[in-house]
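Just so it is clear, the model here is predicted, and its values are computed rather than measured. Counting convention: from 1, in listed order, for ligands and their atoms alike.
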Amino acid sequence: MGGPAMRTSQKDFNNAVNQVKLLKEDPGNEVKLKLYALYKQATEGPCNVPKPGVLDFINKTKWDAWNALGSLSKEAARQNYVDLVSRLSASSESPSPEAPAADRKQPESDTLVVTSEDGITTIRLNRPTKKNALTNQMYHDIMAALQAASKDESVITVLTGSGDYYCSGNDLTNFASVPPGGLEEMARRGAVLLRDFVNCFIDFPKPLVAVVNGPAVGISVTVLGLFDVVYATDRATFHTPFSHLGQSPEGCSSYTFPKIMGSSKAAEMLIFGKKLTAQEACAQGLVTEVFPDGTFQKEVWARLKAYSKLPPNTMRISKQIIRNRERETLHTVNAEECRVLRERWQSDECMNAIASFLSRKAKL
Ligand SMILES: CCCCCCCCCCC/C=C/C(=O)SCCNC(=O)CCNC(=O)[C@H](O)C(C)(C)COP(=O)(O)OP(=O)(O)OC[C@H]1O[C@@H](n2cnc3c(N)ncnc32)[C@H](O)[C@@H]1OP(=O)(O)O
């Protein structure tokens with residue numbers, strides 16, 4: 001993959017190196033190995049020392065981790081290191097879901113309903129009169145719900161919607177109240193929120209399933225590439241109208257969609273905003289299986305209940321080994337997409353599209 005424009009300075013990197021020493025929680029061996037490899041790549045470049053012998057287990061493991069970074073540039077490694085440390089610092093400082101920040105409503109807010117039953121935690125978007133459009137609060141609530149689900153007793157986590165839509169994407173009124181810092185500050189905050197939101201999907205440790213109960217728009221479509229399985233009713237459609245909105249792809253779709261469906265089909269969706277039927281999305285690999293709407297709920301939940309009886313640790317480990325192949329790439333893509341969107345949100349094309357929706361309630 002071509003490396004995105006990097007912005008991390010040597011000073012940011014040095015700060016991150018110092019920050020690691022101050023982490024309140026041990027991040028575990030896997031993460032420490034990743035930090036080691038990125039540090040070596042950032043400071044010395046691609047692995048350039050002889051491979052330790054098989055019996056020198058620790059040094060061989062470290063060598064393997066460094067060597068696995070291949071020809072990643074020093075700058076990209078520095079950026080990935082800083083991003084990783086920033087995520088670690090945020091998670092060790094952020095309050096647990098049981099002790100929420102005072103200024104933030106928790107998922108008990110009725111726009112998100114979280115339930116756990118039969119080994120399945122279900123996160124349900126519950127704003128049917130607005131087609132489950134995502135408010136700022138809902139982004140935070142979904143992140144908190146995913147964080148809680150990653151630690152609860154459940155085996156599988158499901159995201160679904162209430163009513164006739166799965167989700168109509170970002171609530172465009174999120175852009176209506178401009179903070180004191182102006183448009184620039186709004187775009188900066190939006191980019192941080194989006195990056196953190198998508199990171200939660202990249203790093204979610206258990207099998208994650210989307211039960212797409214109706215049409216899906218925007219970010220609710222793009223993050224599907226980060227789910228393990230996507231079941232859809234035959235009523236569902238998949239629409240990413242970014243160009244219509246003066247915006248650019250997010251949710252890692254600039255990477256996952258070409259990988260899933262090929263570059264030309266991905267371009268038709270992400271650049272021209274082609275809306276796919278459920279059958280088309282399935283044929284292109286974005287959807288795992290399509291069910292008739294009349295039996296959708298019954299068939300899908302019966303399937304998921306059966307899967308939830310499989311050995312939990314084995315499923316989690318299998319998911320991790322699949323995700324680990326490209327975790328760092330996904331984080332890099334996410335950071336780059338957010339950087340570009342931050343600029344798009346300040347563009348005339350985007351402002352005009354949002355103003356048009358807000359003033360005339362323009363339809364896609
Ligand atoms: C601090 C900065 C904050 C920034 C936060 C940024 C966070 C990250 C952002 C990530 C980037 C995401 C990108 C996207 O998701 S792009 C996609 C955005 N979505 C849309 O453009 C969809 C707009 N909606 C429509 O086109 C139609 O409503 C739709 C086709 C979905 C349904 O049409 P239908 O005719 O069936 O129904 P209605 O239009 O009558 O809808 C019912 C009511 O729901 C309101 N609605 C629907 N979708 C949205 C939406 N996305 N945002 C806001 N409101 C929405 C609609 O207006 C109706 O409301 P009223 O009943 O009050 O009229």
Side-chain angles (χ1 to χ4, degrees), residues 103-104 111 125-143 159 161-201 212-226 235-254 257 269-277 333-347 349-364:
D103 62 345
R104 190 174 297 164
T111 51
L125 309 175
N126 189 38
R127 215 181 157 221
T129 55
K130 300 286 180 187
K131 310 294 181 193
N132 297 323
L134 299 171
T135 60
N136 276 330
Q137 183 63 48
M138 286 166 81
Y139 287 107
H140 288 292
D141 287 348
I142 293 167
M143 288 192 276
L159 185 66
S162 300
D164 62 342
Y165 256 66
Y166 173 64
C167 174
S168 63
N170 186 41
D171 187 312
L172 295 172
T173 66
N174 285 341
F175 294 104
S177 46
V178 179
L183 189 54
E184 204 178 328
E185 175 60 11
M186 186 167 80
R188 189 194 66 76
R189 287 189 201 172
V192 170
L193 176 59
L194 178 61
R195 194 195 58 185
D196 291 349
F197 181 74
V198 174
N199 277 342
C200 288
F201 287 86
V212 184
N213 56 297
V217 185
I219 190 163
S220 71
V221 177
T222 55
V223 291
L224 290 177
L226 299 171
R235 239 180 8 85
T237 51
F238 298 82
H239 195 190
T240 48
F242 299 127
S243 296
H244 302 65
L245 295 165
Q247 298 187 34
S248 48
E250 20 65 352
C252 291
S253 59
S254 63
F257 279 28
M269 277 192 88
L270 297 175
I271 302 177
F272 296 135
K274 183 181 181 195
K275 190 195 284 187
L276 301 189
T277 63
V333 170
N334 183 26
E336 169 70 351
E337 288 178 345
C338 293
R339 189 186 67 71
V340 173
L341 254 179
R342 181 175 166 180
E343 285 164 16
R344 294 309 307 150
W345 284 332
Q346 297 175 69
S347 71
E349 288 179 349
C350 179
M351 279 301 109
N352 290 340
I354 289 167
S356 158
F357 178 83
L358 295 178
S359 61
R360 296 187 288 105
K361 293 274 189 178
K363 299 280 165 63
L364 295 168

TODO: Search all heavy atoms of N132 against all heavy atoms of G161 and return the closest pair with its distance.
DONE: ND2-CA, 3.8 Å
Open item on the list: Looking at non-hydrogen atoms alone, which of K131, R188, R342 comes nearest to atom 34 (P) of ligand 1?
Closed with: K131
- [ ] Work out which heavy atom in R342 is nearest to a heavy atom in A191; give both atom names and the distance.
- [x] CB-CB, 3.9 Å
Open item on the list: Quick check: closest heavy atoms across S253 and T222, and the distance to 0.1 Å?
Closed with: OG-CG2, 3.4 Å
Open item on the list: With a cutoff of 4.0 Å, is T129 in contact with ligand 1, counting heavy atoms of the residue only?
Closed with: yes
Open item on the list: Measuring from non-hydrogen atoms of F357 to any atom of ligand 1, is the shortest distance under 4.0 Å?
Closed with: yes
- [ ] Please identify which atoms of ligand 1 are closer than 4.0 Å to at least one heavy atom of A133.
- [x] 49 (C), 50 (C), 51 (N), 52 (N)
Task: Distance filter under 4.0 Å to Y165 heavy atoms, resulting ligand 1 atoms - done: 29 (C), 30 (C), 31 (C), 32 (C)
- [ ] Compare N132, T135, I219, N136 and give the one whose heavy atom is closest to atom 3 (C) of ligand 1.
- [x] N136
- [ ] Sequence neighbours left out, what passes side-chain contact (heavy atoms from CB on, under 4.5 Å) with V192? Give chain and number order.
- [x] R188, D196
Task: Which atom of A133 lies closest to which atom of M138, heavy atoms considered - done: O-SD, 3.5 Å
TODO: From atom 47 (C) of ligand 1, work out which of K130, R127, R189 has a heavy atom at the shortest distance.
DONE: K130
Task: For G218, atoms of ligand 1 separated by under 4.0 Å from a heavy atom - done: 14 (C), 15 (O), 16 (S), 17 (C)
Task: No-hydrogen, no-angle side-chain donor-acceptor test under 3.5 Å, S162 and N126 - done: yes
Open item on the list: Out of all atoms in ligand 1, which are within 4.0 Å of some heavy atom of M186? Include the element for each.
Closed with: 1 (C), 2 (C)
Open item on the list: When you compare ligand 1 with Y139, is there at least one nitrogen or oxygen pair between them that comes in under 3.5 angstrom?
Closed with: no
Open item on the list: Which heavy atom of E349 sits nearest to which heavy atom of R344, and what is that distance?
Closed with: OE1-NH2, 2.9 Å
TODO: For atom 48 (N) of ligand 1, state which one of A176, P249, S168, G190 supplies the nearest heavy atom.
DONE: S168
- [ ] Return yes when atom CD of E185 has more than 12 non-hydrogen atoms of other residues, nucleotides or ligands closer than 6.0 Å, and no otherwise.
- [x] yes
TODO: Could you tell me whether the side chain of E250 and the main chain of E337 form a donor-acceptor pair under 3.5 Å?
DONE: no
Open item on the list: At under 4.0 Å between heavy atoms, is it the side chain or the backbone of L245 that contacts ligand 1, or both, or neither?
Closed with: side chain
Open item on the list: Using a 4.0 Å cut-off to any heavy atom of G169, which atoms of ligand 1 qualify?
Closed with: 15 (O)
- [ ] Just go through L172, L134, T173 and tell me whose heavy atom is the nearest to atom 21 (O) of ligand 1.
- [x] L172
